[in-house]
Amino acid sequence: MFKDLNVDSMKVLARKLNLPKTLTRKLELMAALDKELRSNLPGIVARLSEMELKALAQAVHNGGEIARESFKAMYGVEMPNLDPWAYHRKDPSLLLMFGEKFGGRFVVFDALMDSLQRFIPEPPKPGVAVLDIIPEIYQPAKRGWREATPRHVRVYESSGIAPLELRSVLQLVGSGKLSLTDKSLRPTEAGARLIAKCLVIPDFDAEDPQAASRSHRAESAGSFRAHAWGVVIQQCGWAKPRRGTLVLTESGHRLLQGWKPDVFKEGVECLREDNHFDEFNRVNHIRGQTGRGKRYLTDPSERRYPILESISQWPIGRWIEFDEVWRFLLASGNNFLLTSEAVTLYFEEQQYGHLGGQEHVLPRVYMRAFLMESLATLGIIDIGYCHPHQLWPDLEGGWGTDEMDFCSRYDGLIYARLNALGAYCLNVTPKYESTPARLGSPWEVLGNGDIIASED
């Protein structure tokens, strides 16, 4: 179990366990440490520091491993040093008696798992900080030359709106007029404009209100739900492409006939598994996604699973700030990677603008897109947001970003809240009994596909 440690590291561990100083050769050190481990496991555990014991407990009761970022998110400090090289200020942790460093994780030896689980108590579950109400004004922190002007927080409560919008969009699909792009199968610009007319309330307002006074032309955030509906109805199995347009599936027809929470829930479960559409593709400024970098991107389903698992542990109906949303995801052991080679993604130009070393930041960018566009559109979560211009909560200061107003249109996501519909779809609650309110849509889709002003 200690074959990967060097002699100096094993000497440090032997000294910590008060083993004879005469042990100097690698083979005899390995034998002595192994014998001590097998004969005095509880005694060695008792020698661990408070943080070492917490790291071991987290790993033992979390499938045998814990990531560095998860430990820091849980306890607010760095995980004990797992560097096996015993140089001066790098005194290796006694944790190396129980496992090994693997990338950025600590992995417990399989042979010790059963024994450790029997006498190491399971650690407490991570908590999440919540807000009863959210402020009407968001004051961003000042970052270098970036603007820090206060901005209005807009709230979107989705569960009463999503079913109504879904019905209108399915009506539009039934008319045969919702066109798709040939390769990506996303709505064309004309298709997104048609969907925008079907929305119960206007799309998210993420445009810069001070754009007219800027010295340069402000970048438009563009559409959110008007684009997302054309994608999520495919991901959920309610519509499918046929010769450049969308047609309804059997489950789509069932939902069009009337609101059925169980059918809706089945669709959300299908979205979780979908690997054709990647929400990260909507982060337009990050290039390389369709080139060489595509082969290193993880499957979208591998990212949605941990995000949805983390959300399922949120308290229902309580607001959570996005930074806390991210911290809790890590603390609950649901961290994920977006790419294994961040250097293949870049701003503007690959040589100078590559995102190498940002492997653990890029998932935050993806999570914002998934929450704000897919989940809020479907009615799973409510959101509080503002316009994204000059916020740059992630990847600030990258080469080639000086002329960009934002990294993504989702940079303005500030708060999120799990609602009752989301709790039902994520198996937090057994049933969902609420009926969508008869909120009057300003538009109605006729049988021939025409969209007219509603008489309601």
Practice task
Look at atom NZ of Lys265 and say whether more than 12 heavy atoms of other residues, nucleotides or ligands are closer to it than 6.0 Å.
Solution key: yes
Completion exercise
Hits for side-chain hydrogen bond (donor to acceptor under 3.5 Å, both in side chains) against Ser301, two or more places apart or cross-chain, chain-then-number order -> Asn275
Problem - Minimum heavy-atom distance Gln117-His61, with the two atoms named - result: O-CE1, 4.1 Å
Exercise for the section: Give the ring-plane orientation class for Phe370 versus Tyr366, where under 30° counts as parallel, over 60° as perpendicular and anything between as tilted. Expected result: parallel
Exercise for the section: Under the ring-ring contact (aromatic ring centres under 6.0 Å, His included) rule, collect the residues that match up with Phe224, sequence neighbours excluded. Expected result: Phe204, Tyr410
Handout entry: Inter- and intrachain pairs under salt bridge (Lys or Arg N to Asp or Glu O under 4.0 Å), touching residues 288-305, at least two apart
Key = Asp274-Arg304, Asp278-Arg303, Glu279-Arg304
Exercise for the section: Return the set of residues passing side-chain hydrogen bond (donor to acceptor under 3.5 Å, both in side chains) with Glu52 (not counting sequence neighbours), or none when no residue passes. Expected result: Ser49, Ser93
Handout entry: Under-4.0 Å salt bridge between Arg186 and Glu189
Key = no
Handout entry: Electrostatic pair Glu250-Arg254, nearest N-O below 4.0 angstrom
Key = no
Problem - Arg368 side-chain N/O to Leu413 backbone N/O, donor-acceptor pair under 3.5 Å - result: yes
Practice task
Apply side chain to side chain contact (heavy atoms under 4.5 Å, CB included) to Ile137 and list each qualifying residue two or more places apart in sequence or on a separate chain.
Solution key: Pro150, His152
Exercise for the section: Step by step, work out the side chain to side chain donor-acceptor pair (under 3.5 Å) result for Gln289 and Asn281. Expected result: CA-CA 7 Å; Gln289 298 183 47; Asn281 293 158; 2.8 Å; yes
Problem - Parallel, tilted or perpendicular: rings of Phe264 and Trp259 (30°, 60°) - result: tilted
Problem - Set of side-chain hydrogen bond (donor to acceptor under 3.5 Å, both in side chains) partners for Glu157, sequence neighbours left out - result: Arg417
Completion exercise
Nearest heavy-atom approach of Ser158 to Asp382 is N-OD1, 2.8 Å
Problem - Arg364/Asp323 ion pair, N-O < 4.0 Å - result: yes
Exercise for the section: Please confirm whether the backbone N or O of Leu330 pairs with a side-chain atom of Glu69, one donor and one acceptor, at under 3.5 Å? Expected result: no
